There are 2 protein chains.
Amino acid sequence: MTSEQSFEPEADRVARIVREQIIEGERAPGDRLVERDLATELGVSRVPVREALRMLVAEGLVTPRPRTWAVVRTFTDADVDDLIEVRSAIETLTFRLAAERRSPERLTELEAVLDREAQAARAQDPTAAHRAGADFHELVAATAASPLLDEIGAITASRLRWLLGQHLDLQEMVDEHLGLLGAIRAGDGQEAARLAVEHLRTSRDAARRLRAEQAASRH
Amino acid sequence: MTSEQSFEPEADRVARIVREQIIEGERAPGDRLVERDLATELGVSRVPVREALRMLVAEGLVTPRPRTWAVVRTFTDADVDDLIEVRSAIETLTFRLAAERRSPERLTELEAVLDREAQAARAQDPTAAHRAGADFHELVAATAASPLLDEIGAITASRLRWLLGQHLDLQEMVDEHLGLLGAIRAGDGQEAARLAVEHLRTSRDAARRLRAEQAASRH
DNA sequence: TGATCGCAAATGGTATACCGTTTGACGATC
DNA sequence: GATCGTCAAACGGTATACCATTTGCGATCA
């Protein structure tokens, strides 16, 4: 079942690499993204790089500047609030649907992912923990079984990952995810939705604290 | 202030043209979209066509088939339901924010658009009416002043326009839009959200009827 | 000293050419 | 007559080349 003929166009590969670099902070907001340079750096021609940049623009990770170099997006506080507000509306629906449409198999998978997250949190490995956290959300989205919600989730997810990519309380994150899983397991859509919004509020506050710190340290 | 140096890359122009063709039904679901043919047809090279197709894929109007021609997307009934459900969540937030953030100037603009729509409806001009309807929703989205909501709205909007592009009761649409405007004017976010969901339900039912008719006429 | 103008380099936009895979029809085989 | 193999054409993926605009710095002048 893993055959899948995984043919990955260069454009997708380039997008994936650059996306990861942005989320991991390797490329900071405001950094130039020059097509020729990226092409040389990644050993491909400009065409796939162009397409990759278009994708990242669509994801909102890159700001295009017609006829000139694009830059890694700089988020304002308003952008952050906006992201959280929209994401709340989306997550509410996602978790409600997930709670309604869960299956025993999926619950097992979700538990496994959270185990991985908890382990990473105990090991003080933020990168691994966040990756597992992202996987959790992705799996929940899959459980909601709404293709459109998936799409929209993907767009907002990379921004959210970028936003929360640094620290914040890992154990708290794990606890909240466990709570969400509980509500899904119980099939309680209402409770799942409530916890989801609460979870985002926690994330927003953490992001605000982080940004305040960063702003302070820059002066 | 209108100088704006409107430079429109060919890719955007191509995307706009093909999008309109799909929405207007000129290109039917399942139709092949061959890069070389489109390039020849529109008098450009394949590169901008490629980029345009990528955009339309991102909008969900086109289904890509790696290494082969793309096709105009075929929507299933499940896709339609999914679209309406997600759109409900989004519109709820959009209209709530719009009601909170409206300005007198914006209200005037909204009234003007609805006048245009009502006039088109009276003149039995579905195309113009739907375009005005789309403008109304776009303007409301602008009023919500949420960039992210705008983005997501744009993705779902073209699908919705395609879905509702044919007929359905024009006068009913105008009436519902008027009701929404009233709630926005009153600054009643809750009521606006409620009407928005109701409005979508009407649209969904109309779309279902339409699809049922079409399915019936095909056999 | 500081602002302005101009020009070369940088950079994105597009066209063209080539390559490998997929398609689909034709013909051989059972 | 149906099925399968084969092969040329179709098609998307990528590289390269060229053009128009933007950038940014250095020369020039107030």
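This structure is a prediction, so every number in the text was calculated from the model and none was measured. Each chain gets a letter, A, B and so on, in the order its sequence line appears, and its residues count up from 1.
Rounding to whole angstrom units, CD of residue Glu10(B) and P of dA15(C) are separated by 6 Å. Leu53(B) places its CG atom 8 Å from the P atom of dG12(D), with the value rounded to the nearest Å. In this structure, CZ of Arg67(B) is placed 13 Å from P of dG12(D), rounded to the nearest angstrom. Protein atom CH2 of Trp69(A) is 12 Å distant from nucleotide atom C1' of dG12(C), rounded to whole Å. Atom CZ in Arg65(A) sits about 6 Å away from atom P in dT23(D), given to the nearest Å. Atom-to-atom, CZ of Arg46(A) to P of dG13(D) comes out at 18 Å; the value is rounded to the nearest Å. A straight line from CD of Glu51(A) to P of dT14(C) spans 13 Å, rounded to a whole angstrom. For Arg13(B) and dT14(C), the CZ to P distance is 10 Å, given to the nearest whole Å.
Backbone-only contact: Leu33(B) has heavy atoms under 4.0 Å from sugar-phosphate atoms and none from a base. Val34(B) comes within 4.0 angstrom of the backbone, heavy atoms only, and of no base. Within the 4.0 angstrom heavy-atom criterion, base atoms lie near Arg50(A).
Nearer to the 5' terminus of DNA chain D, by closest-nucleotide assignment, is the contact made by Glu35(B) (compared with the other of Glu35(B) and Gly43(A)).
With hydrogens and angles left out, the side chain of Arg36(A) and the base of dG12(C) share a donor-acceptor pair within 3.5 Å.
Ring-plane geometry between Phe95(A) and Phe136(A) is classed as tilted, the angle between the planes lying from 30 to 60 degrees on a 0 to 90 degree scale.
A salt bridge links Arg161(A) with Glu20(A); the closest basic N to acidic carboxylate O contact falls under 4.0 Å. The pair Arg54(A)-Asp12(B) meets the salt-bridge criterion, since a charged nitrogen lies less than 4.0 angstrom from a carboxylate oxygen. One finds no salt bridge joining Arg32(B) and Asp37(B) here, because no Lys/Arg side-chain nitrogen approaches an Asp/Glu carboxylate oxygen to under 4.0 Å.
Between Thr68(A) and the phosphate of dT23(D), there is a side-chain N or O to OP1/OP2 separation shorter than 4.0 Å. The phosphate of dT11(C) has OP1 or OP2 within less than 4.0 Å of a side-chain N or O from Arg32(A).
Looking at Asp31(B), its side chain never comes within 3.5 Å of a backbone N or O of Val72(B) through a donor-acceptor pair.
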